[in-house]
Amino acid sequence: MCGIVGYIGDKDINSVLMAGLWRLEYRGYDSSGVASVMDGDIDVRKVKGRLMNLQKILSDKPLSGTIGIGHTRWATHGEPSDQNAHPQVGCKNQVAVVHNGIIENYYSLKEELLKRKHFFKSDTDTEVIAHLIEENYEDDLKESVLKSISKLKGSYAIAVICNAEPDKIVVYKYGSPLIVGIGKNENIIASDITALLDHTKDIITMNDGELGVIQKNKVEFFNNENKKVTKEKKKIKWSAESLGKGDFPHYMLKEIHEQPNVIKKNIKLKIKGNEFNLGKNFNFSPKELANLSHIIIQACGTSWHAGYVGKYLFEDFARIRTEIDISSEFRYRNPIRDGAPLVMAITQSGETADTLAGLREAKAKFLKILSLVNVQGSTIARESDSTIYLDAGPEIGVASTKAFTSQLFQLYLLSLYLAKLKWTLNDSEISKKIKEIKALPKKMKKILEKEKEIKKIAKKFKNAKDFMFIGRGINYPSALEGALKLKEISYIHATGYPAGEMKHGPIALISEGSPVVAIATKSSVYEKMLSNIEELKSRKAKVIVIGTEGDNIIKKLGNDVFYIPECTENLSPILVSIPLQLFAYHIAVLNDRDVDRPRNLAKSVTVE
Ligand code: AGP
């Protein structure tokens, strides 16, 4: 949440900061701002609302200078307003600070600063950092930052500039992400790599408790004791081109359409004949994995839904007992420590604060951690014992789509690999399943070619106020995901439910015309689903059915039917998710919603 960027070099500071902020806008869009140092003064432009507002201000009154910092905000402390926008400055306008995270003890720090006659212009927690640094400043920005951060509690990534030291940006990371891009005669910092890619592919990822002094031709790192830290540069694989929208009106639609290729690429990377290659960061030994007593999956939102599907896969294929928990719950419960469990963290961004906290909690109990992550080098990937990358390319739309289907794919592969190690599936069963996986991209394309059909159904239901999504077995989590997709981008209320549970309460919500999306593909629970749909129909619900091609029964039963190609039950969530994503997308577009930047949300949720 919140994106920060900073640049020092010869390029035009306005365009570099703005381009970086556009890339980071998905992290928050309540306000934005930039600052530079010019002729011994800190110069700030900031404004409430979308980035477009800042762009307008900068075209009328650009910044000058060769150093600058920028921020795009997801409001935590203080409403979205011009004053609460970052950068924040101290009383004397000596330093400007941008911040991603939360200062938990800001209230007591503010009280102390007020007693010492500091005056505040905003309601943000960030402003206390600017005042502290200014108060501690003698003639060394690095030292005043180190001194000030020792007072802070919470999570934060900050970038600071100072009017008296126009040749450096000082950055510090604790809990929120911060990456340094190394260029030629220029250096850049940002909350994530997407903002660096236009300038360089050489990056240094900062760790918690590290401070960086970023100059035009030099970057240096220090620990809390002001001792130098040596850090390695890494090359990133993503290209700047992959960050565009192409011919699509929204990132979300582009990313939905990328899914067959993401799966195709993953098949090529990770399946070798009858063997699996889960990547060089997956370094658990076969023996370790074969001896697992159980798996505990913890994740948030869409990633939690993927984990829920994973539970069915691990239990069915590998016969490994699997618990699934929402990270913010997992963290505060007291799980029983027995056997040799594996804790899995599933996350697109690799920075979700709740998932990271869950991971650290598990690590503190000496449990082994495997993460499934999309963003290379992200905090969760770095702090895990092993990582399987999603290899889905950058996902910009706030609603997760291609990362979700890739998570399902990785979970499927991992469950087959575990089944192989534990001999719960034999070689010929595995090769049959690999054949089925290889047929997926074509089937996914086939679904996407029928997008118009989904759009037509979306048109019929665009004014509905309440939706119910139902499924059973491995497609119960698909129902949860379908409902989440719809509510987060259309702001229409939707609930996902296990179909068999409807009669225990929720069916009371059903009346004439209530829209219900029912996942009734061919499976071991197909007949049960048919009965559940009948129960809804007899109460005059309008049922939109996702079914399997060639099934004529559901044609008679559903008010609207969308067919997906035939596939096995355990692979079906990958195919089922596509019409659900398209349904949510089209309803949101028809309701004129900002699909890629839904209100109150941010792509990377770095606060707990
Ligand atoms: C997905 O559409 C959501 N925006 C959200 O639920 C997301 O999946 C969740 O915040 C977890 O993010 P992560 O995968 O980056 O950890």
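Indexing begins at 1, ligand by ligand and atom by atom, following the structure's order.
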Short side-chain to backbone donor-acceptor contact, N591 and I587, under 3.5 Å: yes

Centroid-centroid distance, Y476 to Y312, less than 6.0 Å: no

Distance-minimising heavy-atom pair for L484 and G301: CD2-C, 4.1 Å

CZ on F314 to CG on L414, rounded to 0.5 Å: 4.0 Å

Rounded distance [0.5 Å steps], CD in E315 versus CD in E323: 9.5 Å

Neighbouring residues of ligand 1, heavy-atom cut-off under 4.0 Å: C300, G301, T302, S303, T347, Q348, S349, T352, V398, A399, S400, L484, K485, E488, V605

K450 to F562 six-membered ring, cation-pi geometry met (6.0 Å, 45°): yes

